[in-house]
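Each remark here refers to the structure printed beneath this line.
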Amino acid sequence: MQTIQLYVEGMRCPRCVREATARLRDLPGVATLTADRGTGEITVTGDVSAADLLSALAGSSFTAEVLRPAR
């Protein structure tokens with residue numbers, strides 16, 4: 001299992017948190033997901049790649065980048 005931390009630009013309100021996490025929550029391999037709207041960060045643990053996470057957010061109103069890759 002690995003941990004990936006993302007910064008999601010524009011994720012500042014409760015609706016945005018719900019939308020961003022909904023795009024990631026059901027991806028195969030995601031075990032846990034936590035979001036902090038104060039920092040705009042989402043931390044994902046599981047057997048999922050950073051590329052898959054970024055792809056799931058592509059096409060949304062959010063821009064995401066990997067802060068901490070898998071470990």
Atom pair CZ (Arg23) and OG (Ser55), whose distance is rounded to the nearest 0.5 Å: 10.0 Å
Testing the basics here: between Cys16 and Gly10, what is the closest heavy-atom pair and its distance to 0.1 Å? SG-O, 3.7 Å
If you compare all heavy atoms of Gly38 against all heavy atoms of Arg12, which two are closest, and at what distance to 0.1 Å? O-NH1, 2.7 Å
Could you measure the distance from the CG atom of Leu6 to the CG atom of Leu57? Nearest 0.5 Å is fine. 7.0 Å
For residues Ala56 and Leu24, report the shortest heavy-atom separation together with the two atoms involved. CB-CD2, 3.8 Å
If you compare all heavy atoms of Ser49 against all heavy atoms of Ile4, which two are closest, and at what distance to 0.1 Å? C-CD1, 3.8 Å
What residues, two or more places apart in sequence or in another chain, satisfy side-chain contact (heavy atoms from CB on, under 4.5 Å) together with Pro28? none
Flag side-chain contact, heavy atom, 4.5 Å: Leu67 against Glu41: yes
How far does CZ of Arg37 sit from CZ of Arg18, to the nearest 0.5 angstrom? 10.0 Å
OG of Ser61 to CD of Glu19, rounded to nearest 0.5 Å, is 4.5 Å
With the side chain counted from C-beta on, respond yes when Glu9 and Phe62 share a heavy-atom pair under 4.5 Å apart, and no when they do not. no
Evaluate the side-chain proximity of Gln5 to Thr3: yes if any heavy-atom separation is below 4.5 Å, no if none is. no
Hey, are the side chains of Val44 and Leu53 touching, using non-hydrogen atoms and a 4.5 Å cut-off? yes
Drop me the distance from Asp47's CG to Gln2's CD, to the nearest 0.5 angstrom. 6.5 Å
Would you check if Val17 and Thr21 make a side-chain contact, meaning some heavy-atom pair closer than 4.5 Å? yes
Can you confirm whether Ile42 sits close enough to Thr34 that some side-chain heavy atom of one is under 4.5 Å from a side-chain heavy atom of the other? no
